[in-house]
Amino acid sequence: MSFTFTPENIKTIAKLKTRYPKPQALSLPCLWMAQYQEGFISIDAIDVIAEVTETPAMEIYRVATFYSMFHLQPITKKRVMVCKTLSCKLCGSEEILAHLSKREDVLVEEVECLGSCGSAPVMQIDDLYYEDLTTQKVDAVLEQL
Ligand code: FES
């Protein structure tokens, strides 16, 4: 395996293990740590997480592929997740998606509700939400990145 958690992450995992009743409950925190550490979640990282959480690797893989915030390939473009669920759709997410699809510098993904329906339409880049979007606001956000 070519993936290993950093010493700091190993300490964090040891600390978290004392908080959860089952090691399997560490799956999501470990996936986040792996992604922050490497920029994506490799198969080697999944194997390490499986070992750490005493969980079959296929189960870790299923969790990693279920959630849209995890990526299993290196990301070369800025990843922009745009909510496509009802509130955002009613407030213009399709226009935002069409606008973003013309840009070659971003990887656009349609995702389910981001939990910020009151400020639709919403997009997420890294850990930040951008709300009440217009196409002008999208361009302004992307220019600042
Ligand atoms: S419907 Fe878009 S954030 Fe909930």
Side-chain angles (χ1 to χ4, degrees), residues 3 5-6 8-50 52-145:
F3 177 85
F5 279 113
T6 62
E8 184 178 305
N9 281 339
I10 290 171
K11 280 183 196 169
T12 301
I13 290 167
K15 195 183 295 180
L16 289 174
K17 267 189 173 177
T18 64
R19 294 191 199 163
Y20 293 107
K22 294 180 181 175
Q24 186 178 11
L26 288 168
S27 300
L28 285 175
C30 285
L31 284 166
W32 275 119
M33 282 185 254
Q35 184 161 285
Y36 279 120
Q37 191 177 309
E38 301 285 304
F40 72 107
I41 299 166
S42 66
I43 295 299
D44 286 347
I46 287 175
D47 288 339
V48 169
I49 294 167
V52 166
T53 61
E54 302 170 33
T55 305
M58 182 51 76
E59 188 65 30
I60 301 299
Y61 180 81
R62 286 195 332 214
V63 172
T65 55
F66 177 80
Y67 293 104
S68 60
M69 67 270 200
F70 295 126
H71 25 101
L72 280 72
Q73 301 289 329
I75 301 292
T76 55
K77 296 179 181 178
K78 186 52 79 181
R79 184 178 185 220
V80 179
M81 293 173 278
V82 179
C83 174
K84 65 174 183 178
T85 310
L86 187 60
S87 295
C88 286
K89 196 170 246 183
L90 290 172
C91 293
S93 65
E94 287 179 336
E95 184 185 354
I96 301 296
L97 283 162
H99 183 69
L100 282 167
S101 72
K102 295 174 192 158
R103 296 184 66 122
E104 293 184 7
D105 59 335
V106 294
L107 173 65
V108 182
E109 291 181 22
E110 295 179 41
V111 297
E112 299 299 335
C113 181
L114 290 168
S116 187
C117 318
S119 53
V122 178
M123 71 179 180
Q124 181 180 357
I125 302 174
D126 297 327
D127 294 335
L128 296 177
Y129 279 14
Y130 300 92
E131 302 164 309
D132 299 311
L133 292 174
T134 61
T135 54
Q136 294 81 12
K137 193 169 177 180
V138 167
D139 289 339
V141 166
L142 292 174
E143 279 176 31
Q144 289 176 350
L145 299 176

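Start at 1 and go down the list; that is how both ligands and their atoms are numbered. It should be emphasised that the depicted structure is a prediction, and the values quoted were computed from it without experimental measurement.
- Between Glu8 and Lys11 there is no salt bridge, since no side-chain nitrogen of the basic residue lies less than 4.0 Å from a carboxylate oxygen of the acidic one.
- The number of heavy atoms from other shown groups lying within 6.0 Å of CD (Glu95) does not exceed 12.
- With a cut-off of 2.8 Å, atom 2 (Fe) of ligand 1 has no N, O or S atom of Cys117 in range.
- In this structure, Phe40 CZ and Gln73 CD are separated by 7.5 Å, a value rounded to the nearest 0.5 Å.
- Listed by number with element, the atoms of ligand 1 under 4.0 Å from a non-hydrogen atom of Leu114 are 3 (S).
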Under the side chain to side chain contact (heavy atoms under 4.5 Å, CB included) rule, what do Leu100 and Leu142 come out as? Steps first, then yes or no, please. CA-CA 10 Å; Leu100 282 167; Leu142 292 174; 3.7 Å; yes
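- Annotation: atom 1 (S) of ligand 1 to nearest protein heavy atom, Cys83 SG, 3.5 Å.
- The closest approach between any non-hydrogen atom of Gly115 and ligand 1 is below 4.0 Å.
- Ligand 1 places these atoms under 4.0 Å from at least one heavy atom of Thr85: 1 (S).
- Using a 4.0 Å cut-off to heavy atoms of Ser87, the atoms of ligand 1 that qualify are 1 (S).
- Note that CZ of Arg79 is 6.0 Å distant from OG of Ser68, once rounded to the nearest 0.5 Å.
- Checking Glu109, Glu94, Glu112 one by one against Lys84, the salt bridge (Lys or Arg N to Asp or Glu O under 4.0 Å) holds for a single residue, Glu112.
- Of all the atoms in ligand 1, the ones that sit under 4.0 Å from a non-hydrogen atom of Cys113 are 1 (S), 3 (S), 4 (Fe).
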